[in-house]
Protein chains: 2
Amino acid sequence: MQTSDRIIEAATWLIKKNGYRGVSTKAIATEAKVNESTIFRQFGSKQGILEAIIERHSDIPQFEKLLKEDATDNPEVDLLNVSQQYRLFFHKNADIILIGIRDKGMLPELDRVLADPPVKLHSLLVEYFERLQKKKVIAIQDERLAAMSFLSMCYGFQMSELIHRQYQSQLVTEEEFYKHSVSLFVKGILSHS
Amino acid sequence: MQTSDRIIEAATWLIKKNGYRGVSTKAIATEAKVNESTIFRQFGSKQGILEAIIERHSDIPQFEKLLKEDATDNPEVDLLNVSQQYRLFFHKNADIILIGIRDKGMLPELDRVLADPPVKLHSLLVEYFERLQKKKVIAIQDERLAAMSFLSMCYGFQMSELIHRQYQSQLVTEEEFYKHSVSLFVKGILSHS
DNA sequence: TAGATATGCAAGCGTGCACTTGCATGCATT
DNA sequence: AATGCATGCAAGTGCACGCTTGCATATCTA
């Protein structure tokens, strides 16, 4: 069905731009080149569109594999892989992340979907760092803090790209940022105080 | 005048929670224990309250001093100072930062106020790192990228505290995070390739 | 004490919004 | 050709919202 696709696409674009409450069903209909009543026949309510948007985008990243089975235990390699995956996650879900931030509290489920990946990744990183310390690959240190530093770095870069894209973004490209940041971070966790 | 204070306080709290469009003037009046008409007599319009909120909170941080006159050129010391200042900036402006993110595009002025500090701080850090490289305090490297890494780390930590406070926050305290992150970062920029 | 100022109260105005409904039309399957 | 289904169209409903107004009351100042 092509109609509901157009509606979802139009709604996503408009809500991302103006926020859920800043967009009327009439505006969505016009943007989708569809009659307003069609929206309600398809989705039941305005909230129904939002739910459809989220459902369509639900795509949780799998960091487990990268940090367990596939791990090389060379932190520079593994962390670069993680950062790439994280970056991909932000790109794929840019729309609902922005919507989730703007219209926080609108859909509790959405809040969770956005809050969980960082928490999950943090605990995986902690395990990973613990293992590398036991294997004496990296220096002894507080894994919780190291994981948080790395995570904040990635999260911060992606968020500032998402939120302030029109102002910044040209300062540094994603590739060079991660290449440099990972290697800098690895130097930090290698060296003994 | 105590009345307008109560109105601003109530509006800030409600808008932060539900977004500008998610709050009615009636709700603000009730929360402030004030008659709705009083709001319009004081601020003219709903938008007027928002402007008053921003005006009251305008407080731009001064990083120049920390990285120029007051700089010790010991990166661990200077960067810790910067991070403290950045952290303070987020605490003082938590309300309007959250509002600015939720209701982006509502007030162009607000967008600027929030986007400028990171950009400014980035260019100051670039200058700072250039100087330390010339003085051979730190290793030769791309200052743009180093500055971006540091900035993203701070920005990411503060943003995730602001946005996901109810889910995370207890993982790591601010003090230990910055102490650890700065020292880790400094190790990274000290060591040669 | 007299007047100005700030606020409360109640009623209301116009508008935009989410959502509904009844009917007509096109399109595809059988 | 007949049937069902998705959609368009137009009109409308009820409600919440931003905002106004006229009047009464309280508080403060000259």
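Here is the naming used below: chain letters follow the sequence lines, and residue numbers restart at 1 for every chain.
Taking atom NZ of B/Lys26 as the reference point, atom P of C/dG8 lies 15 Å away to the nearest angstrom. Going from atom CZ of B/Phe40 over to atom P of C/dC13 covers 17 Å, rounded to whole Å. Separating the CD1 atom of B/Ile15 from the C1' atom of D/dG18 is a distance of 14 Å, rounded to the nearest angstrom. Between A/Glu36 atom CD and D/dT13 atom P the separation is 16 Å, expressed in whole Å. A straight line from CZ of A/Arg21 to P of C/dA18 spans 12 Å, rounded to a whole angstrom. Taking atom CG on A/Asp5 and atom P on D/dA6, their separation rounds to 15 Å, with Å as the unit. Summarising the geometry, the separation between CD1 on B/Ile49 and C1' on D/dC17 is reported as 13 Å, rounded to the nearest angstrom. The distance between atom CD1 of B/Ile28 and atom C1' of D/dA16, rounded to the nearest whole Å, is 15 Å.
Side chain of B/His122 to backbone of B/Pro118: no donor-acceptor contact under 3.5 angstrom is found.
Of the inter-residue distances, the one linking A/Phe129 atom CZ with A/Leu67 atom CG reads 8.5 Å to the nearest 0.5 angstrom.
Between B/Val34 and A/Tyr20, it is B/Val34 whose nearest contact on DNA chain C lies nearer the 5' terminus. Residues A/Asn35 and B/Lys33 each lie close to DNA chain C; by heavy-atom proximity, the contact nearer the 5' end of the strand is made by B/Lys33. Residue B/Lys46 is the one, among B/Arg41 and B/Lys46, whose nearest nucleotide of DNA chain D lies closer to the 5' end (criterion: closest heavy atom).
The side chain of A/Thr25 places an N or O atom within less than 4.0 Å of a non-bridging phosphate oxygen (OP1 or OP2) of C/dA18. Proximity of B/Thr3 to the phosphate of C/dT7: a side-chain N or O atom is located under 4.0 Å from OP1 or OP2. A close approach under 4.0 Å does occur between a side-chain nitrogen or oxygen of A/Gln42 and OP1 or OP2 of D/dT7.
Looking only at atom types and distance, the side chain of A/Arg41 has a donor-acceptor partner in the side chain of A/Ser37 under 3.5 Å away. B/Thr12 and B/Asp95 share no side-chain donor-acceptor pair at under 3.5 Å.
Among the protein residues, B/Ser37 comes within range of the nucleic acid bases, having at least one heavy atom under 4.0 Å from a base atom.
Ion pairing of B/Lys46 with B/Glu51 is absent here, as no side-chain N (NZ or NE/NH1/NH2) approaches a carboxylate O to less than 4.0 Å.
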